[in-house]
Amino acid sequence: MPQRATKRGIERTPLERDCDVLICGGSFAGLAVARELAGSGADVLLIDRYEIGERQTSACGIPTGWLEALDVQRSLQQTFGELVVHTPYTTVRCRLPWTFSTFDYRTLCELLADQGAFTFETAKVDGRSGKVVHTDRGDIRAGAIVDALGWRRVLGAGENIQPPDALLSRGLEVHPDGSGNDMEIWIDRSYVPAGYGWSFPAADELRIGVGSFDPRFHVREPTVRLATDLAADTVRYQGNWIPHALRNATEDGVFFAGDSAGHCLPLTAEGIRTALYFGLAVGRELSAVLGGQRSASDALSGYSRFSASHARAFEWMLRCQRLVPRVAPRLLAGALRAMEAKRFLDWAFGHYLEIAHPRFVASGPRRTPLQVRVPA
Ligand SMILES: Cc1cc2nc3c(=O)[nH]c(=O)nc-3n(C[C@H](O)[C@H](O)[C@H](O)COP(=O)(O)OP(=O)(O)OC[C@H]3O[C@@H](n4cnc5c(N)ncnc54)[C@H](O)[C@@H]3O)c2cc1C
């Protein structure tokens with residue numbers, strides 16, 4: 001169990017201050033923004049309701065290239081060259097053209113935080129009025145505000161769409177002790193009608209869970225069942241809503257990155273590398289503003305266009321997410337067997353990685369404005 005290091009009670013002193021950049025949310029997206037602002041000399045404040053790395057927010061699986069590019073390999077736990085896909089009629093082993101790794105959440109967050117230069121405070125964000133963010137410890141006024149708070153999009157303008165009506169999936173996993181050699185997924189309607197189950201080994205722990213693209217479908221019972229079928233303990237639960245549609249990446253002068261902007265990929269629900277990718281992008285835009293090379297409004301519109309230039313890829317993934325559950329299981333088994341071909345896997349996973357490629361980390365000096373991608 002994570003240790004609750006968050007200050008409570010009388011230790012929570014009032015927090016009323018100004019800053020140049022306020023980053024709300026200290027997970028993947030927020031820490032990536034902070035990383036890019038190191039060296040800017042700006043007064044950067046990062047807030048989260050928990051200590052950095054205290055609450056794991058995912059199964060922590062990512063293309064290994066991202067850990068290398070960010071120089072956070074020390075967090076790596078286990079690496080996989082294959083994805084094992086189970087359906088009721090077949091099991092296929094898909095050899096990936098690049099590897100996937102699981103990592104330790106706390107270590108990765110701490111390593112990323114070390115690459116930034118910012119002040120950190122624990123505070124719960126309640127809302128915003130213009131350039132003032134309201135927290136449970138007081139109001140913070142900032143020159144630039146980033147919402148990296150996850151799917152709730154707390155700092156958006158107006159009412160938020162809430163589940164189950166929002167375009168959200170839901171996921172839940174358990175973290176029993178155990179080990180394994182394979183990164184496995186189950187596309188099996190007996191667990192979830194639209195979605196998939198997974199088991200990601202991470203050194204001496206397994207991360208076993210079920211994700212449903214339909215937010216009305218409850219995933220606790222199938223998660224317990226999948227873990228039980230794998231003879232694993234149902235302990236240490238972790239779950240959340242997962243957005244599966246892009247949202248505006250800027251709104252009312254605020255930058256949104258990661259789940260708050262719907263940057264999690266549909267179909268696979270892979271949202272860590274995209275949160276890092278778009279977080280770095282926000283950091284680059286803000287660095288250019290702080291360095292005097294870009295106006296604040298140009299930075300907002302540049303980042304908004306950059307995010308929107310990925311819409312085509314997200315739409316394709318969403319189409320696949322809607323299609324796969326409709327394919328008859330026998331047909332799906334046949335299709336998966338056909339997809340085992342190396343040429344197909346290299347093509348498909350190559351394109352998939354391109355959506356947020358690790359080369360982006362080193363794609364230019366931290367102050368270079370973004371290149372907007374022209375949709376293919
Ligand atoms: C069960 C499950 C397993 C997953 N597994 C994977 C996986 O293996 N690989 C992958 O790529 N993706 C995975 N995902 C998706 C991935 O977790 C998210 O897309 C990713 O975490 C988004 O990162 P983020 O930084 O935008 O938001 P988050 O990681 O959700 O971080 C949001 C941060 O904001 C803080 N916060 C939230 N609200 C407030 C508030 N009001 N005040 C102050 N702080 C607040 C939180 O404490 C947190 O630190 C999984 C999701 C789920 C639910």
Side-chain angles (χ1 to χ4, degrees), residues 2 6 15 22-34 46-63 66-67 77 80 100-103 105-106 108-109 112-113 120-128 133-137 140 146-155 160 168-175 183 185 195-202 207-212 215 219-220 223 236-244 247 249 256-266 268-279 282 352 355-356:
T6 308
L15 176 66
L22 174 61
I23 305 170
C24 301
S27 183
F28 306 111
L31 290 170
V33 178
L46 190 148
I47 57 176
D48 196 291
R49 59 183 160 185
Y50 303 115
E51 294 289 343
I52 289 173
E54 186 187 343
R55 285 274 177 122
Q56 185 164 331
T57 58
S58 75
C60 296
I62 193 170
W66 268 93
L67 300 181
Q77 291 180 299
F80 311 91
F100 215 84
S101 292
T102 46
F103 62 83
Y105 180 72
R106 182 185 284 272
L108 179 121
C109 289
L112 268 185
F120 176 74
E121 295 280 355
T122 52
K124 178 174 170 291
V125 177
D126 293 324
R128 175 183 66 88
V133 168
H134 310 297
T135 79
D136 62 344
R137 293 176 58 196
I140 304 166
V146 182
D147 181 334
L149 293 166
W151 68 270
R152 275 197 185 83
R153 199 178 166 94
V154 178
L155 300 181
N160 254 326
L168 294 165
S169 303
R170 65 197 300 169
L172 180 70
E173 61 186 14
V174 289
H175 295 176
M183 188 172 73
I185 67 165
Y196 66 96
W198 65 87
S199 172
F200 289 3
R207 295 169 189 155
I208 300 171
V210 170
S212 169
V219 285
R220 189 180 174 97
T223 298
R236 294 183 285 273
Y237 284 82
Q238 187 278 120
N240 211 341
W241 299 96
I242 312 168
H244 58 241
R247 305 181 70 177
F256 296 83
D259 279 4
S260 68
H263 284 146
C264 188
L265 293 166
T268 58
E270 207 205 327
I272 299 171
R273 73 176 152 119
T274 47
L276 293 165
Y277 174 82
F278 287 103
V282 171
Y352 179 62
I355 299 171

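Just the heavy atoms: all of them, side chains too, but no hydrogens, waters or symmetry mates, feed the values below. Everything quoted here is computed from the prediction, not taken from an experiment. Quick note: residue numbers are just sequence positions, from 1. Order of listing sets the numbers, starting from 1, for every ligand and every atom in it.
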Worksheet item: Ser260 and Leu149: side chain to side chain contact (heavy atoms under 4.5 Å, CB included), yes or no, with the steps?
Response: CA-CA 6 Å; Ser260 68; Leu149 293 166; 5.6 Å; no
Is there a heavy atom of [X] sitting under 4.0 angstrom from any atom of ligand 1?
X	value
Gly30	no
Ile62	no
Gly209	no

Worksheet entry | Test log, rule side chain to side chain contact (heavy atoms under 4.5 Å, CB included), inputs His263 and Phe256 | CA-CA 9 Å; His263 284 146; Phe256 296 83; over 6 Å; no
Under 4.0 Å from a heavy atom of [X]: which atoms of ligand 1 are those, numbered in the order shown and with their elements?
X	answer
Gly61	7 (C), 8 (O), 9 (N), 10 (C), 11 (O)
Cys264	19 (O)
Gly25	34 (O)
Gln238	1 (C), 2 (C)
Phe28	20 (C), 21 (O), 23 (O), 25 (O), 29 (O)

Given that the side chain starts at C-beta and the backbone is N, CA, C, O, which of these parts of [X] lies under 4.0 Å from ligand 1, counting heavy atoms, or is it both or neither?
X	answer
Cys24	neither
Phe200	side chain
Tyr50	side chain
Thr274	neither
Ser58	both
Ser260	neither

Worksheet item: Considering Met183, Arg49, Glu54, which one's heavy-atom position lies nearest to atom 44 (N) of ligand 1?
Response: Arg49
Worksheet entry | Candidate with minimal heavy-atom separation from atom 37 (C) of ligand 1, of Thr122, Asp147, Leu149, Asp126 | Leu149
Does an N or O from [X], backbone or side chain, lie closer than 3.5 Å to an N or O of ligand 1?
X	value
Ala29	yes
Gly171	no
Lys124	no
Glu270	no
Glu173	no
Gly258	no

Discussion item. Just verifying a value: how many Å separate Trp151 CH2 and Arg247 CZ, rounded to the nearest 0.5 Å?
Written reply: 10.0 Å
Worksheet item: Would Phe200 and Phe103 count as a close aromatic pair, with their ring centres under 6.0 Å?
Response: no
Discussion item. Once side-chain hydrogen bond (donor to acceptor under 3.5 Å, both in side chains) is applied, do any residues pair with Arg153, and if so which ones, sequence neighbours excluded?
Written reply: Glu251
Item to complete: Using the test side-chain hydrogen bond (donor to acceptor under 3.5 Å, both in side chains), find all partners of Tyr196 that sit at least two apart in sequence or belong to another chain.
Response: none
Practice prompt. Give me the ring orientation class for Trp66 and Tyr277: parallel if the planes are under 30° apart, tilted from 30 to 60°, perpendicular past 60°.
Written response: perpendicular
Looking only at atom types and distance, does a side-chain atom of [X] sit under 3.5 Å from a main-chain N or O of [Y], one as donor and one as acceptor?
X	Y	answer
Arg236	His175	yes
Arg273	Ala356	yes
Thr102	Pro201	yes

Fill in: Identity and separation of the nearest protein heavy atom to atom 52 (C) of ligand 1
Ile242 CD1, 3.8 Å
Worksheet entry | Residue that, paired with Cys24, satisfies side-chain contact (heavy atoms from CB on, under 4.5 Å) out of Ile140, Leu46, Ile47 | Ile47
Worksheet item: Between the side chains of Ser58 and Tyr105, is a donor N or O closer than 3.5 angstrom to an acceptor N or O?
Response: no
Worksheet item: Any side-chain donor-acceptor pair under 3.5 Å between Tyr352 and Thr268?
Response: yes
Discussion item. Working note: Val154 + Arg128, criterion side chain to side chain contact (heavy atoms under 4.5 Å, CB included); need CA distance, chi angles, decisive distance, verdict.
Written reply: CA-CA 8 Å; Val154 178; Arg128 175 183 66 88; over 6 Å; no
